[in-house]
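Convention: sequence-line order gives letters A, B, ...; per-chain numbering from 1. Just the heavy atoms: all of them, side chains too, but no hydrogens, waters or symmetry mates, feed the values below.
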Amino acid sequence: MTALAEERSVGVITPQTVHFDEPLALDSGRVLPGYTIAYETYGELNADASNAILVCHALSGNHHAAGYHSHDERKPGWWEACIGPGKPLDTSRFFVVCSNNIGGCHGSTGPTSVNPETGELYGADFPLVTVRDWVRSQARLADHLGVERWAAVAGGSLGGMQALQWAIDQPERLRHAVVIAAAPRLSAQNIAFNEVARQAIRSDPDFQEGRYAVTGDRPRTGLMLARMLGHITYLSEAAMGEKFGRDRRGTPGGYRYNYDVEFEVESYLRYQGQSFVDRFDANTYLLMTRALDYFDPAAAHDGDLSVALSGVTAPFFVASFTSDWRFPPAASHEIVRALLDTDKRVSYAEIRANHGHDAFLMPVPRYREVFTTYMQRVATEVGV
Amino acid sequence: MRSDLEIVAGWVSSGDRVLDLGCGDGRLLRHLFDRRQATGYGLEIDPAGITQSIANGINVIESDIDEGLSDFDDNAFDQVILTQTLQAVQRPDQLLWEMLRVGRTGIVTFPNFAYYRLRWHLAVKGRMPMSHALSYAWYETPNIHFCTIHDFEALCEQLSIHIIERRVLSHDYKRPLMARWVPNLFGEVALYRICRA
């Protein structure tokens with residue numbers, strides 16, 4: 001094992017793309033004639049390609065997981081807290097790959113791509129994809145990169161669900177599965193939140209049945225509302241209280257008695273919603289939330305998750321966060337329980353953190369420590 | 001490895017499926033995995049213990065054993081081990097019962113509160129005893145249910161638990177003779193193998 005690297009950023013990163021001509025049969029029954037995947041890599045692939053880690057992104061994420069696209073970029077990639085030299089996914093040892101899921105809107109084939117069969121943008125015609133479809137598409141990316149077997153497939157939230165699906169569908173292609181702040185399926189409450197978000201988008205007059213690319217009037221209001229709702233559910237009451245309390249903007253004194261932004265939390269949500277509209281596509285948001293709703297590997301086995309996991313060979317590291325009420329510790333525990341029931345190797349940590357679901361993106365000290373320790377074990381196993 | 005853990009390891013057969021309750025840093029399980037080709041899990045509640053267990057390469061589940069062992073089916077393990085933890089649980093009687101529900105046999109070790117040095121400490125100094133096996137002051141101790149060898153055996157009888165084997169260690173682990181003669185007085189640590197009667 002090499003000495004721990006000093007903790008820093010992976011620096012400036014250039015995204016890459018790869019196109020696959022081979023058609024991809026989807027769970028929906030439809031077929032993508034070909035597809036492009038946008039991805040980023042951090043660190044170096046070693047000679048026997050044993051040090052590769054696949055990072056799967058969550059709902060609104062993309063392939064930009066760490067570092068910066070330019071020296072001017074203000075915000076780093078979404079998992080900057082965990083990817084880089086000296087961090088849990090230590091790029092001085094590992095070759096970390098993060099791909100943009102198909103159906104996405106940042107370079108992989110999705111609703112904002114041209115449908116080769118019609119010559120027009122896919123828009124609402126882009127087929128619904130599932131977590132299993134993503135695993136299939138990412139397996140081809142692994143082939144392209146010369147990675148026969150990932151040292152680990154890792155992810156948080158919807159990314160953790162993909163790691164779980166990888167372990168089920170491609171057991172021989174990953175050594176370890178890292179499943180953080182995830183669930184074996186959504187609860188009714190979660191599906192309900194997704195439905196409200198989708199209705200916000202679909203009922204926006206500018207949505208135009210998803211064909212908004214034709215007119216150029218995007219459903220900005222609907223997408224903003226969807227994101228505002230989502231944001232509330234990713235934080236905890238305590239985190240919001242700590243960050244904003246009932247703090248107010250503008251002049252001190254009494255209420256202004258109107259519906260303009262008056263509380264700091266309103267300002268924050270509007271800002272988050274508006275900035276999301278500028279970088280995300282409404283059809284992709286619909287599709288990603290639907291993939292979340294559909295995810296349920298136990299369903300094919302009469303609801304018995306341990307049967308679904310019976311072919312798994314990878315040891316698991318599962319982590320949850322105490323204040324995560326969107327994907328609560330009980331949901332992670334269900335995965336752990338199913339692995340125990342079928343005698344799989346699994347370690348589980350329930351991390352005390354008050355950031356809500358978003359804690360998996362944060363540099364919470366205990367989370368970092370336990371995650372780093374697990375990944376050191378992986379590094380030792382593959383000899384890096 | 002501590003001599004009490006050596007004895008515990010000696011009671012585990014090759015290839016046993018083991019559950020270690022309150023596995024600490026995972027050292028015992030690591031030893032059992034390596035030397036006995038055992039498989040299984042450790043349960044631990046302390047974050048530092050969980051991290052160390054992961055570093056030791058064992059399967060560790062963050063779990064509060066006071067909440068029971070409902071994650072595990074009946075007879076899921078060959079051995080369920082509880083070393084130096086019985087005195088720190090809410091309901092030792094219920095936990096013993098649970099251990100023998102999920103395991104074929106149980107291994108329990110605990111500090112014997114009737115050990116002469118502890119008696120002396122309380123009798124002469126009039127203060128709560130501390131020793132190297134009981135290294136906490138009364139106000140910071142995780143131990144809430146101290147018992148003696150007599151107490152433990154009485155509880156086993158009451159619960160219809162069969163004692164397969166008992167070993168008793170004196171304080172320096174080197175003079176077990178006195179401890180064998182009068183275990184409740186001279187035994188500092190008691191080790192038991194138990195099963196359902």
request  = Check step by step if side-chain contact (heavy atoms from CB on, under 4.5 Å) holds for B/T148 and B/Y115.
outcome  = CA-CA 8 Å; B/T148 71; B/Y115 179 53; over 6 Å; no

Contact class of A/R345 relative to chain B, heavy atoms under 4.5 angstrom = both

query = With respect to chain A, which residue among B/N56, B/D73, B/I58 yields the maximal number of heavy-atom pairs within a distance under 4.5 Å?
reply = B/I58

task = Examine whether an atom of B/D71 lies under 4.5 Å from a heavy atom of chain A, and if so say whether it belongs to the side chain, the backbone or both; otherwise answer neither.
result = both

salt_bridge(B/R101, B/E98) N-O dist < 4.0 Å = yes

task = Could you tell me which portion of B/I50 (side chain, backbone, both or neither) has an atom closer than 4.5 angstrom to a non-hydrogen atom of chain A?
result = side chain

ask   = Considering only heavy atoms, which portion of A/V346 lies under 4.5 Å from any heavy atom of chain B: side chain, backbone, both, or neither?
value = both

ask   = Salt bridge check: are A/R337 and A/D304 linked by an N-O gap of less than 4.0 Å?
value = no

inquiry  = With a 4.5 angstrom heavy-atom cut-off, is it the side chain or the backbone of A/F371 that approaches chain B, or both, or neither?
reply    = neither

A/F94 and A/V378, any side-chain heavy atoms less than 4.5 Å apart = yes

task = Can you label the angle between the B/F113 ring and the B/F146 ring as parallel, tilted or perpendicular, going by 30° and 60°?
result = parallel

task = Flag the pair A/R366 and B/E62 as a salt bridge only when some basic side-chain nitrogen lies within less than 4.0 angstrom of an acidic carboxylate oxygen.
result = yes

note = Turns out that what part of A/D341 lies under 4.5 Å from chain B's heavy atoms comes down to side chain

